[in-house]
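Throughout, protein chains are lettered first and strands after them, A, B, ... in sequence-line order, and every chain is numbered starting at 1. Please read these numbers as outputs of a predicted model, since none were measured by experiment.
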Amino acid sequence: MAIQIEPLKCINCGACELGCSFYRDEVFTTMSASIMMYREEKRNYFGLMLKKEEEMVLGRPEGVEVQKDGESSGEEEANASAKPILMREPCDECKNAMCVRFCPTGCLTEVD
Amino acid sequence: MAKSLKIGIFIGKGASYSWIWFVKTFDALDFNDIFFLDENDVLHGQLDHFDCFILPGGDPFQVAEGLGEQGLSLVRSFVERGGTYIGVCAGTYLALRFCEDPMPWLNLVDVPIRNYARTPPEAVRMQYKYLVPYRDGFVFHPVRGSLEVTTGDEVFKAPLYGGPPMVAPPEMRLLDYSGFDAKTLYLIDEHEAQRTMLGHAAGIRVPVGGGNLYLFGPHFEHPHYPRANQFLHEILCTISPLADGPPALPVTLLQGPELRRWVTSLRRDVSSSRVLANGLTDLRWKIGEKVWEDEKILYFVNELLKLLKDLTRYDVLPVCDPASLRREAQNMRMHLAEIRVLSKDGMETTRQASALIDSTKKLSKGLYESYFMFKRQHWWSNGENNRTHS
Amino acid sequence: MDNMYTEYYLVVDLATGTAEEIELEEEFVQEYVGGAKLNMALYEEHKDGEPIVLGTGLFTGTLVPGSCLGVITAKSPVTGKVAHAPFSWGAGAELKLTGYSFVVIKNAAEAPTYLWLHDEIADFVDASALWGKNVWDAVDIIRDEQGEDRIQVLSIGKAGENKVTTAQIVNNYWGDGDRFGFGALFGAKNLKAVAMRGMGELEIDDADAFIEKTEALLGVVKKQIAGKSGFSALDFANIPAALKAAAEKQMHRVEADFNNPLPYKFFLKYREDPTTMASTKVEEPGVLVSDPIGYAALGAAVAPEDAAEVLEACFKLGLNPVAVAGKLTAKDKAGAIAELEKMAESSKADAFDAVLSPFAPASERAEAAYIAGICPVLAAAAEALNAEALAELASIGTGLDFDADAFKL
């Protein structure tokens, strides 16, 4: 099951981080989640980053963007074979995902 | 007896994070004579003191470069004189002669691999770490992650992160790749991956001179795979412990408040590094031929912090060079802070990342050295009294 | 500790620059549960050091809906009594996950200091360069200095530094529930801020049963708050229609505290088009209305369309908007902000009588929420978050035995 993000439904509560971390470690922490909140607090710009095995899904308020591993943004030709960094384990696309179950707004849903 | 094996783990140039898996697994299996070697130790003849030399995952090009012809020759003679070489992934490639015109590496075992081709199959994902150029061809990685291996009638799981499928004669074969599972990630077409890998050797044993080479594709040392760890344990149990171990290093014995102050100062920097590392997003690094698994930097930092937390409960600890470890912890924090600042401005940070990995490695090495020294020494037998929290 | 607390709490002596870790014993948790109640016990124990106690509730930082709450307990210079103010947003959970569920801050530092808590480490950091800085700048500097934007900061502005009783402790950039002048206590202690990064973990006694119960509770809570968001969640704040109308024109997005399903906070933009969703070069486009009652109070003092910007000035100066709104005489924005600058140098809050901050509706459920670590605004809106339900959940999560009375002050 893959996770679908509807960024404008996000209220930045972080329940997804907490849920995913619990799924991984059976403790409450925000540290081991594959999904992570992102916030520029003073600008009130916030969204979610979902690390997948080979891409990063960025749920930005202006839309969802998928950053493929190894994609270069142009100015970084020298490093074209490197990948974006988010120091988390990738999402294992578990079924009945905690991130979805505890998301209070329906911002996250499971899709086939 | 096997528990007194003298085991040297290579953590020098080119070794990736995965050596920590060996440390954790060996520690759990109660091997205490664990030592850490870099290219300089090898060049200074340290291998003579070990029963077993582990060359873990990483970048074989950098390992070969670091060891140089002299270091590689010393590794060869270590095996010929009766030593046991265990190679995983990079350590396996380093030992194999798999094409007609091999790189000047160890080249001790003439065994072709299935994932070397002039025109490799097309990647379906993870282009960035699918292919490594080697001479006039490419080493490609058909799959990653968990898969199944078979030894005799037994099937178990182990993770693969770039290791080869080998075309070896039956007398060499210890286990074969026998299947994929739901967590296997296909980097090429699934059928092509099956054709390339299944039924071919995942692990071989090759006698050379008086010694043996054990060469593995998958990471049997990965702490999340207990049966694979057990397989490794069974191999270690076949090795006779003959070596005397490296000469004792001069140590400072830190005790009581002095030890606590030292550990706290390290914890402060390592924790700050963890804060900084967590704040990093959207950076791109490639170091040598190796693309760093970014989450593993955090793994290093987290493991260090756990170890330091454990060490806060000790009342005494032998440390080789407390001041230099203190500096490495500070360096680690400094490199991360630099990466944070530079990356904010979209600047290149590969040099800093390389220095960060170096500092992290040195600090981990030093702390694990102390940890195993403590485990080996006589004060351990005094029981838990010396470890109680005060 | 498999009772959702950390192993230790911390006692900080600012005068000596020392911090002592003390084991958080199970008997203590059984007797005082947490939050305001346990804070109070710690306050009494360390009374001689004129302490400020920062504490978390039993459920703070867990998956229990609304588990964002931290509680500041100290003797209020406004009421003269020991009182409890909430800190929500991300700071409550962050504090617990630093490894210290409770922090007792005693005595006063000789020079401006900020306390930096991370991974069971308490650092005393020189804050002389921060002293005199407004709250927003101080938060930016601390985050830059320590290297992470997720660091949560409780800090004071000029008002706190000047020990005026209209001061409040600000939570990152946004005012929170301190109506008690606790900002002045930070100032008296030469404490500019407490910065926190929580990377720890909390263990649960019967994790599977706890998650099952929590998920079911979330389901009920979601039904009870259905359709509530922003203004519709804020009946208690009595926001007048004219102010709502002005706010609607500046409305950007609603949002929530840590694990709070009720997004009652909302962000108003007045320095760029409020419909802008992208991150622009405008660094400070507006303000988070984190304190709806404070916003309503300012809306009665100045023109409705200016209330948000005046609220921002309060947050930057570390002033409690409720305490200063009634003292404003200027009706124009610039005049009001100039008056606030003066109030940050010298002003006195009007005395009132309360032990729990009148930041959220007072009720039995609010009392339980202050002990449990649940957002009191959510608790007011969701009947399911009552003492009985919380006691049952607490027993499952801790392996201890709690009844509804445990969740009364």
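- Open room surrounds CD on C/E283; 12 or fewer heavy atoms of other groups in view lie less than 6.0 Å from it.
- Counted within 6.0 Å of CD on C/E272, heavy atoms from surrounding residues, nucleotides or ligands total more than 12; the atom is thus considered enclosed.
- The existence of a salt bridge linking B/R267 and C/D119 is excluded, since no basic side-chain nitrogen approaches an acidic carboxylate oxygen closer than 4.0 Å.
- For a residue to count as touching a neighbouring chain, one of its non-hydrogen atoms must lie under 4.5 Å from one of that chain's; by this rule B/R333 touches chain C with the side chain only.
- Using a cut-off of 4.0 Å between Lys/Arg side-chain N and Asp/Glu carboxylate O, C/E7 and B/R313 are scored as salt-bridged.
- Enclosure of atom CZ in B/R351 is not indicated, since only 12 or fewer non-hydrogen atoms of other residues, nucleotides or ligands lie within 6.0 angstrom.
- Distance check, rounded to the nearest 0.5 Å: CD of C/E120 to CG of B/L308 gives 12.0 Å.
- Residue-environment remark: NZ (B/K365) exceeds the threshold of 12 foreign heavy atoms within 6.0 Å.
- Here the side chains of B/S271 and C/R197 are not in contact, with every heavy-atom distance at 4.5 Å or above.
- For the pair B/V275 and C/H118, the tightest heavy-atom approach, listed with the atom from each and the gap, is CG2-CB, 4.5 Å.
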